[in-house]
Amino acid sequence: MDSKLNYKRIVIKIGSSSLTHAETGRLNLAKMEHLVRQLSDLHNQGMDVCLVSSGAIAVGRAAMGVKERPSETSVKQACAAVGQAKLMMVYQKLFAEYSQTAGQILLTKNTMVNPVSRANAKNTFDELFHLGVIPVVNENDTVSTYEMQFGDNDTLSALVASMVGADLLILLSDIDGLYTDDPHKNPEARLLKVVDAIDENIYGMAKESTGSNVGTGGMATKLAAAKIATLSGTDMIIANGGDVRILQDIFENDYVGTLFTANENANFNLANYIMETIG
Ligand SMILES: Nc1ncnc2c1ncn2[C@@H]1O[C@H](COP(=O)(O)OP(=O)(O)O)[C@@H](O)[C@H]1O
Ligand SMILES: N[C@@H](CCC(=O)OP(=O)(O)O)C(=O)O
């Protein structure tokens, strides 16, 4: 691999808007096929690969003809129950085509908050990596109630990256990276290529607005993720998942996106963070 980057364990998060067709909300199978191929190739290069995939609610909505974005928890949960199974069915099929084994891990806030559950989840990840399996992670939306919900997979993917000691977290989004302002609202907004410190100025750039009918959190949750990742010693990149071949470009260090550099000196304690912020 002709790369300046030397990552051994990576977590990649893909959002609902990148996995589904905007017009119908149904799965973009060609995109998933490309994604799985890229991940399989990274795995074949010797990296531990973990995918955090959103899309359960969006795919369930499309399958059941729920046109409006649901606000009621029970409707979201029902959509997720249908959509998650469909998502995994497609992932299993595609990974099998590339001779890879995928496993499903569904996490809740409770899993992260409870030290015993968290240790169990970590052991499962470690064992899956050891066995050469690619974990496919999502929030367990069908049982996460409003009060105990991450709600966005950006934060979840950063907590997973921290828990498994990943060197790199990649958030594939519907946008190239962090701009100085929401580019859908401000045409003057500029893309930032590298962020070494996530300060008030940076937080002020990220708006919660999302660019799609299926995304959650906008840029604000991506910055929350960047904070967790970088304090955990994990680099984080936001890149556009419009063409997932960008993953290859990232490892060849030739991509457009925003890199948040790991803070190697930080003494981040995942357990404390969880108790203070989400517990
Ligand atoms: N400063 C910013 N830079 C880039 N995007 C921003 C910013 N502030 C808000 N956004 C919005 O965040 C959206 C990406 O978040 P989201 O819709 O949750 O995507 P995803 O489903 O890919 O996770 C962008 O489409 C954009 O409209
Ligand atoms: N867990 C939810 C996704 C939540 C979420 O973060 O969505 P997104 O903003 O599309 O990454 C689902 O699978 O539908």
Side-chain angles (χ1 to χ4, degrees), residues 7 10-18 50-54 107 109 112 137-139 149-164 166-212 214-242 246-247 250 255-270 272-279:
Y7 295 117
I10 55 170
V11 176
I12 291 138
K13 182 256 168 178
I14 186 150
S16 313
S17 58
S18 305
C50 173
L51 174 66
V52 177
S53 175
S54 304
L107 298 168
K109 238 186 202 183
M112 290 300 196
V137 182
N138 197 354
E139 179 160 12
Q149 205 174 39
F150 288 109
D152 74 272
N153 276 354
D154 298 324
T155 312
L156 177 66
S157 63
L159 291 172
V160 167
S162 175
M163 185 165 75
V164 303
D167 329 277
L168 175 66
L169 168 65
I170 301 173
L171 302 186
L172 292 176
S173 182
D174 63 356
I175 196 113
D176 283 340
L178 173 70
Y179 285 74
T180 47
D181 195 0
D182 185 346
H184 289 128
K185 300 199 171 134
N186 178 358
E188 309 280 302
R190 243 179 344 98
L191 179 72
L192 302 185
K193 291 203 167 142
V194 181
V195 175
D196 290 318
I198 304 165
D199 53 21
E200 289 311 314
N201 179 33
I202 295 289
Y203 280 121
M205 297 173 184
K207 307 298 180 304
E208 283 178 25
S209 52
T210 122
S212 73
V214 289
T216 316
M219 202 41 64
T221 53
K222 288 171 183 48
L223 284 194
K227 192 78 185 176
I228 296 168
T230 53
L231 283 176
S232 304
T234 306
D235 282 342
M236 188 184 108
I237 290 171
I238 301 175
N240 200 322
I246 198 163
L247 287 175
I250 286 174
Y255 67 99
V256 174
T258 306
L259 166 68
F260 296 84
T261 54
N263 183 340
E264 300 297 349
N265 300 321
N267 195 6
F268 181 70
N269 184 312
L270 182 61
N272 286 350
Y273 172 85
I274 286 170
M275 287 323 294
E276 282 162 19
T277 57
I278 62 175

Handout entry: Check: V160 and C50 side chains under 4.5 Å, non-hydrogen atoms
Key = yes

Handout entry: Exercise: do Y7 and D235 side chains pair donor with acceptor under 3.5 Å
Key = yes

Completion exercise
Closest non-hydrogen atoms of V11 and S157, given as atom of the first, atom of the second and distance, are CG1-O, 4.1 Å

Problem - Residue pair Y179, N186: steps toward the side chain to side chain contact (heavy atoms under 4.5 Å, CB included) verdict - result: CA-CA 10 Å; Y179 285 74; N186 178 358; over 6 Å; no

Exercise for the section: Indicate the atoms forming the closest heavy-atom contact of S173 with S18, along with that distance. Expected result: O-OG, 3.4 Å

Exercise for the section: Write down the atom of A166, the atom of T234, and the distance for their closest heavy-atom approach. Expected result: O-OG1, 2.9 Å

Practice task
Would you check if M205 and L192 make a side-chain contact, meaning some heavy-atom pair closer than 4.5 Å?
Solution key: yes

Fill in the blank from the handout: Rounded to the nearest 0.5 Å, the CD1 atom of I170 sits from the CD1 atom of I10 at a distance of 5.5 Å

Problem - Residue pair D174 / N240, side-chain donor-acceptor N/O under 3.5 Å - result: no

Exercise for the section: Mind listing the closest non-hydrogen atom pair of I246 and Y255 along with its distance? Expected result: CG1-CB, 4.2 Å

Exercise for the section: Please check if the side chain of T258 supplies one atom and the backbone of I238 the other of a donor-acceptor pair under 3.5 Å. Expected result: no

Problem - Smallest separation among heavy atoms of L171 and A225, with atom names - result: CD1-CB, 4.4 Å

Handout entry: Trace of the side chain to side chain contact (heavy atoms under 4.5 Å, CB included) decision for N138 with S53
Key = CA-CA 6 Å; N138 197 354; S53 175; 5.9 Å; no

Problem - Verdict with supporting geometry, I14 and L51, side chain to side chain contact (heavy atoms under 4.5 Å, CB included) - result: CA-CA 8 Å; I14 186 150; L51 174 66; 4.1 Å; yes

Handout entry: Validation row: D154, K13 side chains within 4.5 angstrom (heavy atoms)
Key = yes

Exercise for the section: Mind checking the CD1-CE spacing from I198 to M236? Nearest 0.5 Å is all I need. Expected result: 7.0 Å

Handout entry: Side chains of S232 and S162, donor plus acceptor under 3.5 Å
Key = yes

Practice task
Measure across H184 and I175 and return the closest heavy-atom pair with its distance rounded to 0.1 Å.
Solution key: CE1-CD1, 3.9 Å

Exercise for the section: Evaluate the side-chain proximity of M163 to M112: yes if any heavy-atom separation is below 4.5 Å, no if none is. Expected result: yes

Practice task
Classify the side-chain pair T261/D196 by whether it contains a donor and acceptor separated by less than 3.5 Å.
Solution key: yes

Exercise for the section: Under the side chain to side chain contact (heavy atoms under 4.5 Å, CB included) rule, what do L169 and I237 come out as? Steps first, then yes or no, please. Expected result: CA-CA 6 Å; L169 168 65; I237 290 171; over 6 Å; no

Problem - Short side-chain donor-acceptor distance under 3.5 Å, N153 and S54 - result: yes

Problem - Heavy-atom check, side chain of L178 versus side chain of M219, under 4.5 Å - result: yes

Handout entry: Within-4.5 Å side-chain heavy-atom neighbours: L107 and L156
Key = yes

